[in-house]
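To start, I am sharing the structure in question, which I have written as structure tokens.
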Amino acid sequence: MYKIPANTLFLGKQVVFVPECHSTNTLALQLSHKPSTTEGTVVITNHQTAGRGQRGNTWESAPGLNLTFSIVLRPAFLPVQDQFYLTIAASLALHDYLLAKTGKPIAIKWPNDILVHEKKICGILIENVVQGTRFMAAIAGIGLNVNQANFDTGKATSMKQVTGNDEDLETVLHELLEHLEARYLQLRRGDHSTLKDEYLSRLYALNERRQFVCQGHAFEGVIQGVDENGRLGVDTREGVLYYDVKEISLLR
Ligand code: BTN
């Protein structure tokens with residue numbers, strides 16, 4: 001599987017396929033420490049036994065039905081303090097692809113869940129390897145629900161549920177890598193303001209009053225946007241407060 005190289009400049013030209021592993025992000029992190037691992041190397045598996053999500057959560061995916069892969073990036077051009085732009089670029093690439101493929105309204109739920117009809121179709125976990133003020137690597141891990149028809153939770157969906165079609169996983173991977181590369185190159189060109197504007201225009205619940213929970217305390221507020229560090233700005237009774245991903249979750 002995954003033997004044909006993608007039609008890209010550098011993403012997915014090297015593919016490490018393992019039938020099963022704990023987590024492609026963990027494997028890609030290990031590989032990224034070898035200088036011989038080139039930028040764009042994709043680590044992909046049919047079955048993760050310990051898939052990792054954000055906030056220390058696990059990522060469950062039916063074996064052989066979905067895409068679970070990680071890309072080794074080497075964004076030496078990006079100041080470490082701008083690392084949220086990797087999240088923006090990856091989220092936009094998934095949004096671009098899923099909009100084109102499904103024709104349905106797609107939203108990015110902060111920081112980088114991809115939703116269709118308010119259900120999660122894709123999760124992204126970006127992990128950075130930083131030395132001093134420089135990136136040695138960034139691992140972009142992507143779990144995209146493709147052909148899975150049933151989910152234990154009513155909060156998840158897949159391309160199959162949305163379109164009714166079964167997809168060839170290798171084709172989906174290749175198409176997606178083209179979108180990811182285009183957005184990554186846009187970031188490399190330094191087009192930060194367009195990336196940020198587009199991210200905000202696709203952000204779920206922007207300018208809407210919502211319920212949040214922060215350290216066990218529920219409160220209401222209106223999402224205002226994100227700051228340069230990727231923190232979510234929420235207009236609360238105490239004014240606009242900025243929250244890190246570990247500090248806040250959106251209840252509804
Ligand atoms: C999230 O929404 O919490 C992020 C989920 C990220 C899942 C992907 S699957 C491939 C890669 N390997 C992992 O262990 N996690 C990411």
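Only a predicted model underlies this, so the values are computations on that prediction, with no experimental measurement involved. When a ligand or atom number is given, it counts from 1 through the structure's own listing order.
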min-distance protein heavy atom vs atom 3 (O) of ligand 1 -> Gln54 N, 2.7 Å
Heavy-atom nearest neighbour in the protein, as seen from atom 5 (C) of ligand 1, with distance rounded to 0.1 Å: Trp59 CE3, 3.4 Å
Salt bridge (charged side-chain N to carboxylate O under 4.0 Å, His left out) between Arg183 and Glu198: does it pass, once the steps are laid out? CA-CA 11 Å; Arg183 288 295 186 175; Glu198 286 194 64; 2.9 Å; yes
Identify, for atom 10 (C) of ligand 1, the protein heavy atom at the shortest distance, and state residue, atom and that distance. Thr24 OG1, 3.3 Å
What atoms in ligand 1 come closer than 4.0 Å to a heavy atom of Lys120? 1 (C), 2 (O), 3 (O)
Would you mind reporting whether His192 and Tyr85 have side-chain heavy atoms less than 4.5 Å apart? yes
May I ask you to list the atoms of ligand 1 that are less than 4.0 angstrom from any heavy atom of Asp113? 2 (O)
Go through ligand 1 atom by atom and flag the ones less than 4.0 Å from a non-hydrogen atom of Gly53. 1 (C), 3 (O), 4 (C), 5 (C)
Quick one: does ligand 1 sit under 4.0 Å from the side chain of Thr26, the backbone, both or neither, non-hydrogen atoms only? neither
Over 60° means perpendicular and under 30° means parallel, so tell me whether Tyr199 and Phe84 are parallel, tilted or perpendicular. perpendicular
Option set Arg52, Gln48, His22, criterion heavy-atom distance to atom 12 (N) of ligand 1, minimum: Gln48
Give the atom numbers and elements of ligand 1 that come within less than 4.0 Å of a heavy atom of Gly51. 14 (O)
Using a plain distance cutoff, I'd like to know if Thr68 has any nitrogen or oxygen under 3.5 Å from a nitrogen or oxygen of ligand 1. no
Kindly indicate, with the supporting measurements, whether the criterion side-chain hydrogen bond (donor to acceptor under 3.5 Å, both in side chains) is fulfilled by Gln54 and Asn112. CA-CA 10 Å; Gln54 290 187 50; Asn112 53 12; 2.4 Å; yes
Would you check if the distance from the ring center of Phe17 to the ring center of Phe69 is below 6.0 Å? no
Below 4.5 Å, heavy atoms only, C-beta onward: do Leu29 and Thr26 meet side chain to side chain? no
Are Glu220 and Phe212 close enough, and set up right, to give a side chain to side chain contact (heavy atoms under 4.5 Å, CB included), and what steps lead you there? CA-CA 6 Å; Glu220 271 192 11; Phe212 301 89; over 6 Å; no
When you look for heavy atoms under 4.0 Å from ligand 1, do you find them on the side chain of Ile124, its backbone, both, or neither? backbone
Any side-chain heavy-atom pair of Val245 and Trp110 under 4.5 Å: yes
